[in-house]
Amino acid sequence: AQTVTQSQPEMSVQEAETVTLSCTYDTSESDYYLFWYKQPPSRQMILVIRQEAYKQQNATENRFSVNFQKAAKSFSLKISDSQLGDAAMYFCAYRGTNAGKSTFGDGTTLTVKP
Amino acid sequence: EAGVAQSPRYKIIEKRQSVAFWCNPISGHATLYWYQQILGQGPKLLIQFQNNGVVDDSQLPKDRFSAERLKGVDSTLKIQPAKLEDSAVYLCASSWYRNSYEQYFGPGTRLTVT
């Protein structure tokens with residue numbers, strides 16, 4: 001079974017600075033998808049960024065980028081120019097190409113200090 | 001485009017009582033998921049539907065949990081009887097089809113069992 005581990009329960013960053021959230025996963029599959037989701041307090045979970053395992057190029061979405069290391073099974077999220085609105089719980093998730101369900105890590109709570 | 005709707009948003013019940021949650025996915029989405037998110041943990045899949053058929057219910061405690069999606073649109077998740085450890089947020093998500101990249105999440109129902 002696939003597992004996803006987020007080793008940082010809490011992180012904090014100063015506004016306008018850069019922060020990196022870590023995620024590792026375990027799988028025997030060669031093709032899969034990886035995601036970062038954002039869950040603000042009492043609000044809906046939304047997709048931040050996704051990475052297809054067959055792509056070597058790291059995904060980027062505006063201020064959000066990932067460092068995908070397939071051999072190391074590592075998938076970190078970098079948030080540049082952090083904003084107060086980035087404060088939320090961030091979940092790393094794995095999905096195999098043939099399975100609809102996603103396996104989530106236990107999340108990292110990000111605090112942004114003004 | 002309307003998002004995934006869930007009701008109620010909050011529910012408090014005593015142990016051994018029954019409770020039901022409702023989810024209306026985004027129009028046209030064939031795949032519907034119910035996740036359980038216990039405080040401090042990531043979401044865990046309970047059941048996945050493709051149209052009105054069950055694709056994966058391997059993590060559903062079938063002695064007390066049941067779910068249906070009779071017409072392939074909205075869905076109901078029921079717990080009977082509830083236990084203290086069922087206290088959690090129940091998230092509904094939907095996607096266009098089973099292998100879609102993105103799952104769209106509803107706001108969740110926060111259940112407290114006393």
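Computed from a predicted structure; not experimentally measured. In what follows, every chain begins at residue 1, and chains take the letters A, B, ... in the order their sequences are listed.
Of all residues in residues 14-41 of chain A, those placing a non-hydrogen atom less than 4.5 angstrom from a non-hydrogen atom of chain B are A:Tyr33, A:Phe35, A:Tyr37, A:Gln39.
Neither the backbone nor the side chain of A:Gln6 comes within contact range of chain B, judged by heavy atoms closer than 4.5 Å. Contacts of B:Arg110 with chain A are absent, with no heavy-atom separation under 4.5 Å from either backbone or side chain. When heavy atoms are compared at a cutoff of 4.5 Å, B:Leu91 approaches chain A solely by way of its side chain, counted from C-beta outward. Neither the backbone nor the side chain of B:Gln50 comes within contact range of chain A; no heavy atoms are under 4.5 Å apart.
Counting heavy atoms of neighbouring residues, nucleotides and ligands inside a 6.0 Å radius, atom CG of B:Asp63 exceeds 12 of them. Counting non-hydrogen atoms of other residues, nucleotides and ligands closer than 6.0 Å to CG of B:Leu39 gives a total of 12 or fewer. Counted within 6.0 Å of CZ on A:Arg43, heavy atoms from surrounding residues, nucleotides or ligands total 12 or fewer; the atom is thus considered open. Within 6.0 Å of atom CD1 in B:Ile12, 12 or fewer heavy atoms from other residues, nucleotides or ligands are found, so the atom counts as exposed in its surroundings. Atom NZ of A:Lys73 is surrounded by more than 12 heavy atoms from other residues, nucleotides or ligands within 6.0 Å.
When only modelled atom types and interatomic distance are considered, A:Tyr90 and A:Gln8 share no side-chain donor-acceptor pair under 3.5 Å. For the residue pair B:Trp34 and B:Ser75, a side-chain donor N or O sits within less than 3.5 Å of a side-chain acceptor on the partner.
Between A:Arg63 and A:Asp86, some side-chain heavy-atom pair lies under the 4.5 Å cut-off.
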